[in-house]
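As the structure is a computational prediction, the values presented were derived from the model and not from experiment.
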Amino acid sequence: MSFKNLIETYKFNIFPRTVGNPYQFTVNDYDGFYKFMYENSVRKNPLYTSANGVEGDKVHFYQMFFDFDKVADDFEICLSELKETYKYFEEYNKVMSFSGTGLYLFLRFEPFTERADRIAVNEFQRKFKFESLDLISAEPKHICRVPSSRYVKKGIITDRYCIPINKESLSWSEEEFIKHSKRKDLNFIENNEGKLLYPHEDIITDKQIVYIVNDKAEVDWLGLSNEAFEIMLKDILDEELYNLITLPKPKHNHLYVMALKLKSYGVSLDESYIIFNRVSENWTLGKDNERYNQLKQIYRRDYYYKQL
C-alpha cells in the first residue's frame with residue numbers, strides 16, 4: 001500500500017490539518033503533509049497529525065479518536081477495552097492502529113464542520129468508563145501518530161512503527177503486535193464494506209469546553225468544569241509539566257515555567273492568577289497570599305517561554 005493510499009484510508013487527507021513533531025503547525029495540502037512526513041522521518045522525529053481537519057477554532061469533523069493507553073504497563077487492559085469498543089460499534093465504519101505501545105480506534109461520521117468547543121467528544125467517551133481510555137485525546141483537535149511512522153517519544157528512538165490493525169489483529173498477543181510493528185507491517189486494514197457512519201447528533205453541545213482563537217486562550221477559567229480545565233492546561237503546558245505542577249508539593253522552578261508558559265501563550269495576569277488558585281487547591285502548601293504580586297513581577301519582565 002502506498003503512503004498516499006494509507007493516509008486516504010485513515011482520512012488524514014482532509015485539509016487544512018494540524019501536524020506535529022511534536023511542535024505543531026498547519027499544512028494545507030497533501031504535498032505539505034508528505035513533505036512534513038518525509039523530512040521528519042529522515043530526522044527520526046515523532047510524527048503526529050490531528051485526527052480531523054482543523055481550521056482556526058473550527059474542526060472539520062469526520063471521525064472520533066479513541067486512544068487506549070497501557071495501564072500500569074498492562075497491555076491486556078487496553079486490548080480488552082478496544083475489543084469491547086469494537087464490538088459496541090461492530091456495524092459502523094472505523095479503522096484502528098497500533099501506535100507502538102497503545103491502540104487507536106477511529107469511528108467515522110457523516111462529515112460536518114463545527115466550533116471545537118461545541119463538540120463534546122470527551123463527554124461521549126466518558127460513558128464507557130474504561131480504565132485505559134485517554135479522555136484528553138478525545139478532544140476533537142487532538143493529535144495522534146501516523147501509520148507507517150516510527151515510534152519516537154521524548155527523544156527515544158525505537159524500532160517500532162505505528163501500523164494499521166483490523167478485526168483479525170484483535171486476537172494477537174502483545175508480542176505479536178510488537179512483531180508486526182517492528183516489521184512495519186501495513187497489511188492489516190479494516191474492511192468497512194457495507195458499514196454505517198455513526199450518527200453524531202448526541203456529541204454536539206452548547207457547553208463550552210475549550211475555545212482557542214488565534215492561538216490565544218479565550219476561556220472562562222472560573223466557569224470551566226474540572227475536566228475542561230485539565231484539558232486546557234495540558235494543551236498549554238504539556239502533560240509532563242501539568243503532572244509536575246499538580247503534585248501535592250510542586251517545585252518552585254516548575255511553577256515559574258508554568259507562569260512563563262501561560263504568559264507566552266497569551267493568558268492575562270488576572271487569568272493566570274485564577275489558574276494558579278485552581279491548581280493550588282490540590283497542593284498541601286495551600287494558597288499563597290503573595291501569589292498575585294509574584295505573578296505580577298513575572299508579567300512585568302520581558303521574559304517569554306521558548307521551546308528549545
Side-chain angles (χ1 to χ4, degrees), residues 1-14 17 19-22 27 30-31 33-51 63 65-87 89-90 93-108 132-134 137 142-193 195:
M1 175 178 284
S2 70
F3 176 71
K4 192 166 188 176
N5 287 338
L6 187 64
I7 71 160
E8 287 174 354
T9 298
Y10 281 83
K11 296 194 179 295
F12 293 158
N13 61 331
I14 297 175
R17 67 184 312 105
V19 294
N21 62 351
V27 292
Y30 174 77
D31 288 341
F33 187 86
Y34 180 79
K35 180 181 179 183
F36 159 77
M37 289 291 300
Y38 176 78
E39 290 179 350
N40 285 280
S41 294
V42 170
R43 296 168 185 161
K44 296 184 178 179
N45 289 329
L47 293 166
Y48 301 93
T49 188
S50 51
Q63 58 187 359
F65 175 39
F66 291 76
D67 181 8
F68 299 89
D69 288 328
K70 290 174 70 170
V71 178
D73 211 33
D74 189 344
F75 181 78
E76 291 304 316
I77 295 176
C78 60
L79 178 57
S80 172
E81 293 181 345
L82 172 64
K83 289 178 181 179
E84 190 173 338
T85 307
Y86 185 96
K87 184 177 180 180
F89 297 117
E90 179 83 42
N93 188 298
K94 57 194 169 299
V95 293
M96 300 179 292
S97 57
F98 174 62
S99 71
T101 60
L103 298 162
Y104 295 163
L105 183 144
F106 302 87
L107 176 67
R108 298 285 166 66
S132 69
L133 189 57
D134 182 356
S137 295
H142 207 278
I143 56 177
C144 56
R145 294 183 185 274
V146 182
S148 81
S149 67
R150 185 186 294 270
Y151 186 90
V152 180
K153 188 168 184 178
K154 296 181 180 178
I156 299 174
I157 301 169
T158 74
D159 56 356
R160 301 182 189 183
Y161 291 83
C162 180
I163 58 168
I165 58 173
N166 60 15
K167 185 176 182 179
E168 177 186 342
S169 311
L170 300 184
S171 64
W172 293 350
S173 65
E174 182 177 13
E175 291 72 23
E176 287 175 294
F177 277 99
I178 293 171
K179 178 184 71 176
H180 286 284
S181 174
K182 289 182 176 181
R183 290 177 178 174
K184 199 177 179 180
D185 191 342
L186 306 179
N187 296 313
F188 292 88
I189 299 294
E190 179 71 8
N191 180 8
N192 281 303
E193 186 175 352
K195 296 291 181 70

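Side-chain contact between I165 and L103 is present, with heavy atoms from C-beta onward closer than 4.5 Å. Between Y30 and N13 there is no side-chain heavy-atom pair separated by less than 4.5 Å.
Atom-to-atom distance recorded for I163:CD1 and M96:CE is 11.0 Å, nearest 0.5 angstrom. How far CG of L82 is from CG of D67: 11.0 Å, rounded to the nearest 0.5 Å. In this structure, CZ in F3 is found 13.0 Å from OH in Y38, a value given to the nearest 0.5 Å. Separation of atoms OG (S41) and CG (L47) is listed at 4.5 Å; rounding is to 0.5 Å. With values rounded to the nearest 0.5 angstrom, N45 atom CG is found 11.0 Å from S149 atom OG. With rounding to the nearest 0.5 Å, the separation of OG in S173 from CG in L79 is 9.5 Å.
Pairing each heavy atom of F106 with each of A51, the nearest pair is CE2-CB, 4.2 Å. Minimum heavy-atom separation, F36 to G20: CZ-O, 3.1 Å. The two residues V95 and E190 make their nearest non-hydrogen contact at CA-CB, 4.4 Å. Heavy-atom minimum distance, Y151 versus G100: CD1-CA, 3.9 Å. P164 and D185 make their closest contact through CD-O, 3.8 Å (heavy atoms, listed as atom of the first residue, atom of the second, distance). Residues N191 and K195 share a closest heavy-atom pair of O-NZ, 3.8 Å.
K182 meets the salt bridge (charged side-chain N to carboxylate O under 4.0 Å, His left out) test with D159; sequence neighbours excluded. Scored by the salt bridge (charged side-chain N to carboxylate O under 4.0 Å, His left out) test, E175 finds no partners at all (sequence neighbours excluded). Applying the ring-ring contact (aromatic ring centres under 6.0 Å, His included) rule to H142 yields no partners; only residues at least two apart in sequence or on another chain are considered. F33 meets the ring-ring contact (aromatic ring centres under 6.0 Å, His included) test with no other residue; sequence neighbours excluded. When the side chain to side chain donor-acceptor pair (under 3.5 Å) test is applied to S169, the partners found at least two apart in sequence or on another chain are N166. For E174, the salt bridge (charged side-chain N to carboxylate O under 4.0 Å, His left out) partners two or more places apart in sequence, or in a different chain, are K70.
Note: F177 and W172 have perpendicular aromatic rings, judged against thresholds of 30 and 60 degrees for the angle between ring planes.
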Apply side-chain contact (heavy atoms from CB on, under 4.5 Å) to residues E90 and K167 and explain how you reach the verdict. CA-CA 10 Å; E90 179 83 42; K167 185 176 182 179; 3.3 Å; yes
As a quick check of understanding, evaluate side-chain contact (heavy atoms from CB on, under 4.5 Å) for R108 and K11, giving each step before the final call. CA-CA 10 Å; R108 298 285 166 66; K11 296 194 179 295; 3.7 Å; yes
Just do the side-chain contact (heavy atoms from CB on, under 4.5 Å) check on Y104 and C144 with the steps written out, would you? CA-CA 9 Å; Y104 295 163; C144 56; 4.0 Å; yes
Give the C-alpha distance, both sets of side-chain angles, the deciding distance and a yes or no for side-chain contact (heavy atoms from CB on, under 4.5 Å) between R160 and T101. CA-CA 9 Å; R160 301 182 189 183; T101 60; 4.0 Å; yes
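Listed for the Y86 side chain is no donor-acceptor partner under 3.5 Å among the backbone atoms of E81. Of the possible donor and acceptor atoms, one in the side chain of S171 sits under 3.5 Å from a partner among the backbone N and O of E168. Panel note: side chain T158, backbone V152; no donor-acceptor pair is recorded below 3.5 Å.
For E76 and K83, the salt-bridge test fails: no basic side-chain N is under 4.0 Å from an acidic carboxylate O.
Proximity of the aromatic rings of F98 and H180 is defined here by a centroid distance below 6.0 angstrom, and this criterion is not met.
Summarising the local packing, CD of E176 is surrounded by more than 12 heavy atoms from other residues, nucleotides or ligands at distances under 6.0 Å. Within a 6.0 Å sphere centred on NZ of K44, heavy atoms belonging to other residues, nucleotides or ligands number 12 at most.
Side chain to side chain, R145 and S97 fail the donor-acceptor criterion of an N or O pair below 3.5 Å.
With Y34 as the aromatic partner, K4 does not meet the cation-pi criteria of under 6.0 angstrom to the ring centre and within 45 degrees of the ring axis.
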